[in-house]
Undergrad: 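First, the structure itself, so that you have it in front of you.
On a predicted model such as this, the values are computed, not experimentally measured, just so you know. One is the number of the first residue; the rest follow in order along the sequence. Side chains are part of it too, since the values below use all heavy atoms of this structure and drop only hydrogens, waters and symmetry mates.
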Amino acid sequence: MAITRAMTATRTITTTITARLASRYRKGISAMKHRLLCTAALASLGLAFTAGATSAQVNTVEADERTALSAGLFDAGEAASGLELVHSVPPIDAFFDERALFSPREFMEAMQRAQAAREAGEEAEEPPFSPLALANTDFAFRDNLVIMGNYHGFLIYDVSGDAPELVSATVCPGGQGDVSVHGDLLFMSVEQNRARLDCGAGGADGEVNEERFRGIRIFDISDLTAPRQVAAVQTCRGSHTHTQVPDPNDPNILYIYNSGTQPVRPEDELGICTDGQPEENPETALYSIDVIRVALDAPETAEIVNRPRIFGDPETGEIGALWRGGQMGVASQRTAQTNHCHDITAYPELGIAAGACSGNGILLDITDPANPVRISDMFDPDMAYWHSATFNNVGDVVVFTDEWGGGVAARCQADDPAHWGANLIATIEDGQLVGQRFYKLPSIQGASENCVAHNGSLIPVPGRDIMVQAWYQGGISIKDFTDPNNPFEIAYFDRGPVDADTLKVAGYWSAYWYNGRIYGSEIARGLDVLRLLPGEHLSEAEIAAAEAVTEQQSNPQTQTRIVWEDTPVVARAYLDQLARGEAAPARLLDRVRAEITQWERGRVNRGNFNRLARDLAAAAGDAEGRDAARLTALGELFGRAAG
């Protein structure tokens, strides 16, 4: 294992830098909490409104074994159902300091004391770390590698053996440290004013600083023990998250959709940047995303090629045509202004992307990846901050998350509304987003546990839509949303709070499935690896079918279509699902079961397979919904296996 400080290659994109210096407190908090602005009424905006239907449909949130777990940093109580923690890798010294654990209340009090000391002409003692200075963040996966981002840099683990082994740890501060990977190139989001072009830890003071960096870093990781920065693309609002979108016509070109959430940098630091509302400044850097073009054989030439106005009205030319922020009515959330996206999830094979864009959820046409176009948008008064999005495998359902409280607040307490800080499940009907249902972690959490919906991904169980998701100190939860109007939890893993009395930000930033395991980035506690266990809601065959799906590379914000091989275990997974219901005659399922058993023994009767294929297709015609799809898929599987 090697700990390195990233070095900038000879040629680095050196567009003049810009950024508005804010206090450490505001910079750290604004990475997760966003200013809310009240303006125009909903009726004047022509927004797609999810109506009262979603608000009326909410799952039950109750106390359970997760509610009162004992506290502790590395010895907290644990609760699990359907999941087993197989490895817990603590943080290394270079990426951990207990003084860096972030308590919003304690940090605010410390800043107030420092301010009072300055006003009194006394020496001011500020907190030793900025908020989340050493927090673990998002993941990228390649081959047997798990790459975990961090506000302080990134870490590369080899998971090919019995337990994860650290290959290298690269120090490159600047937050938020979200990462993605493409071959030997690693991309990292950087947004804080302290970040430097050279990855140094000394900070970048001043309103304007030519050494400051905020944007997308690109590293060459062909030598895993010594990643090397080869490009740094400056952006006006830094980079909170980013998304890879391949060029469908040129395998050498990769586009990066950059989502910046920070204040606009001064024009004196980066000449392309100006601030302000569009009525006063039509060239404002607000109300857009950045499209960065990367030539894979020459990443040092990466540059911004477009800043599309995806929140505008093409008919009127209005730049900010979506939600302007504020509160709609007296009982709704105070919601964020739509002048940026927090996260964009692309589904290149379908030519679409879902944007979680502060005050709105949007759907983009990305068939021309350099020029994304908004084709649908939706608004809900109970979504405080549209945070992230996940498609189902078919691409006709999207799970949007609401990061109410910015991830640093306890939003899963008994008196918190069950439709605030939750998932909003939407369907895509005739190309339009339609809200269906809210779903929140069904477990009450304590006042010292930051908890709200956060990052997750699909688990590749054939015939079902299943998602693993991080809820910060609410733990990891797995839900089935096959029926968008009836989601339910099927598994979970949770720890108690870091501190029983004081909220100290911790828990899972991200939880993703990759090649048979679930990987969780614990903000304070390190890297966790979990595996599924069979039970009431998930059979051995369903788990085995999911574990059989392997990828060479995975970036959760760039979804790819899951394809299952024609194997007995996949057939048995469909059989187990059909056996839970009454969509197929029992005698037909008995025949299916008998043929799968013979297939597992290496005996394939092609005539029987063909007859089953026909009978399953006929049964599908009499069934409805997902059961009809399962019968069809199982019949087609037997037909292909028959040859």
Side-chain angles (χ1 to χ4, degrees), residues 45-48 50 180 189 216 235 237 239-249 253-261 286-294 304-315 317-323 336-380 383 385-401 424-435 555-561:
L45 294 175
L47 298 173
T50 64
S180 71
S189 289
I216 297 287
T235 66
R237 303 183 70 180
S239 177
H240 195 63
T241 67
H242 67 271
T243 304
Q244 293 187 14
V245 183
D247 189 313
N249 302 311
I253 299 300
L254 179 69
Y255 290 96
I256 302 293
Y257 289 177
N258 177 58
S259 297
T261 63
L286 303 176
Y287 300 96
S288 64
I289 63 171
D290 303 305
V291 178
I292 298 170
R293 183 181 184 273
V294 182
I304 296 173
V305 294
N306 193 9
R307 293 196 291 173
R309 299 294 192 182
I310 59 174
F311 313 122
D313 185 333
E315 294 184 2
E318 183 181 3
I319 292 172
L322 299 184
W323 180 241
Q337 182 187 83
T338 304
N339 64 33
H340 64 273
C341 286
H342 179 281
D343 220 314
I344 297 172
T345 296
Y347 203 150
E349 290 163 278
L350 299 183
I352 55 175
C357 302
S358 53
N360 290 92
I362 68 173
L363 191 66
L364 298 171
D365 179 339
I366 60 169
T367 51
D368 178 1
N371 298 284
V373 176
R374 190 181 85 251
I375 55 177
S376 179
D377 53 79
M378 64 185 297
F379 169 83
D380 193 287
M383 293 284 282
Y385 189 75
W386 298 69
H387 171 274
S388 55
T390 302
F391 290 99
N392 69 346
N393 194 46
V394 175
D396 60 3
V397 177
V398 185
V399 178
F400 288 102
T401 65
L424 192 157
I425 302 173
T427 53
I428 301 175
E429 302 175 13
D430 297 322
Q432 300 299 303
L433 292 166
V434 180
N555 298 299
Q557 285 73 41
T558 304
Q559 285 189 229
T560 56
R561 186 184 295 277

Undergrad: Measure the spacing between CZ of R561 and CZ of F391 and express it to the nearest 0.5 Å.
TA: 11.5 Å
Undergrad: If you apply the rule side chain to side chain contact (heavy atoms under 4.5 Å, CB included), what do you find for D377 with L363, and how did you get there?
TA: CA-CA 6 Å; D377 53 79; L363 191 66; over 6 Å; no
Undergrad: Treating T390 as the side-chain partner and V399 as the backbone partner, does any N or O pair qualify as donor plus acceptor under 3.5 Å?
TA: no
Undergrad: Side chain of Q244, backbone of N555: donor and acceptor closer than 3.5 Å?
TA: no
Undergrad: Among Y385, W386, F379, find the residue that satisfies the ring pair (Phe, Tyr, Trp, His ring centres under 6.0 Å) test when tested with F400.
TA: W386
Undergrad: Let me confirm one number: the CD-CD distance from E315 to E318, rounded to the nearest 0.5 Å.
TA: 12.0 Å
Undergrad: Can a side-chain donor-acceptor contact be found between S388 and T401 if the only test is distance below 3.5 angstrom?
TA: yes
Undergrad: To the closest 0.5 Å, what do you measure between CZ (R307) and OG1 (T235)?
TA: 9.5 Å
Undergrad: If every non-hydrogen atom of M378 is compared with every non-hydrogen atom of A426, which pair is closest and at what distance?
TA: SD-CB, 3.9 Å
Undergrad: Provide the closest heavy-atom pair for G359 versus W323 in the form atom of the first, atom of the second, distance.
TA: O-CB, 3.9 Å
Undergrad: Checking the side chain of T243 only, and the main-chain atoms of I344 only, is there a donor and an acceptor separated by less than 3.5 Å?
TA: yes
Undergrad: Classify the side-chain pair N339/R237 by whether it contains a donor and acceptor separated by less than 3.5 Å.
TA: yes
Undergrad: Do P246 and P369 have side chains that get closer than 4.5 Å, going by heavy atoms?
TA: no
Undergrad: Provide the closest heavy-atom pair for A354 versus A389 in the form atom of the first, atom of the second, distance.
TA: CB-CB, 3.7 Å
Undergrad: Does any N or O in the side chain of Y347 come within less than 3.5 Å of the main-chain N or O of N393, such that one atom is a donor and the other an acceptor?
TA: yes
Undergrad: So which atom in H240 and which in S189 form the shortest heavy-atom distance, rounded to 0.1 Å?
TA: O-CB, 3.8 Å
Undergrad: At what distance, to the nearest 0.5 angstrom, does CG of N306 lie from OH of Y257?
TA: 9.0 Å
Undergrad: Provide the closest heavy-atom pair for P372 versus L364 in the form atom of the first, atom of the second, distance.
TA: CB-CD1, 4.4 Å
Undergrad: For I366 and A353, work out which heavy atoms get closest and say how close.
TA: CG2-CB, 3.9 Å
Undergrad: Could you go through Y255 and R293, starting from their C-alpha distance and side-chain angles, then the distance that decides it, and tell me whether this counts as side chain to side chain contact (heavy atoms under 4.5 Å, CB included)?
TA: CA-CA 5 Å; Y255 290 96; R293 183 181 184 273; 3.9 Å; yes
Undergrad: OG of S358 to NE2 of H340: how many Å apart, nearest 0.5 Å?
TA: 4.0 Å
Undergrad: Supply the atom-to-atom distance D247 CG to D368 CG, rounded to the nearest 0.5 angstrom.
TA: 8.5 Å
Undergrad: Does a side-chain heavy-atom distance below 4.5 Å link T241 with Q557?
TA: no
Undergrad: Look at the side chain of R374 and the backbone N and O of G312, then say whether any donor-acceptor pair between them is shorter than 3.5 Å.
TA: yes
Undergrad: Are I310 and C341 packed together at the side-chain level, in the sense that at least one heavy-atom pair is separated by less than 4.5 angstrom?
TA: yes
Undergrad: Do I362 and L322 have side chains that get closer than 4.5 Å, going by heavy atoms?
TA: yes
Undergrad: Would you say that I428 contacts L433 through its side chain, given a criterion of any heavy-atom pair below 4.5 Å between the two side chains?
TA: yes
Undergrad: Please check if the side chain of S239 supplies one atom and the backbone of I216 the other of a donor-acceptor pair under 3.5 Å.
TA: no
Undergrad: Is a donor on one side and an acceptor on the other found under 3.5 Å between the side chain of N258 and the backbone of I292?
TA: no
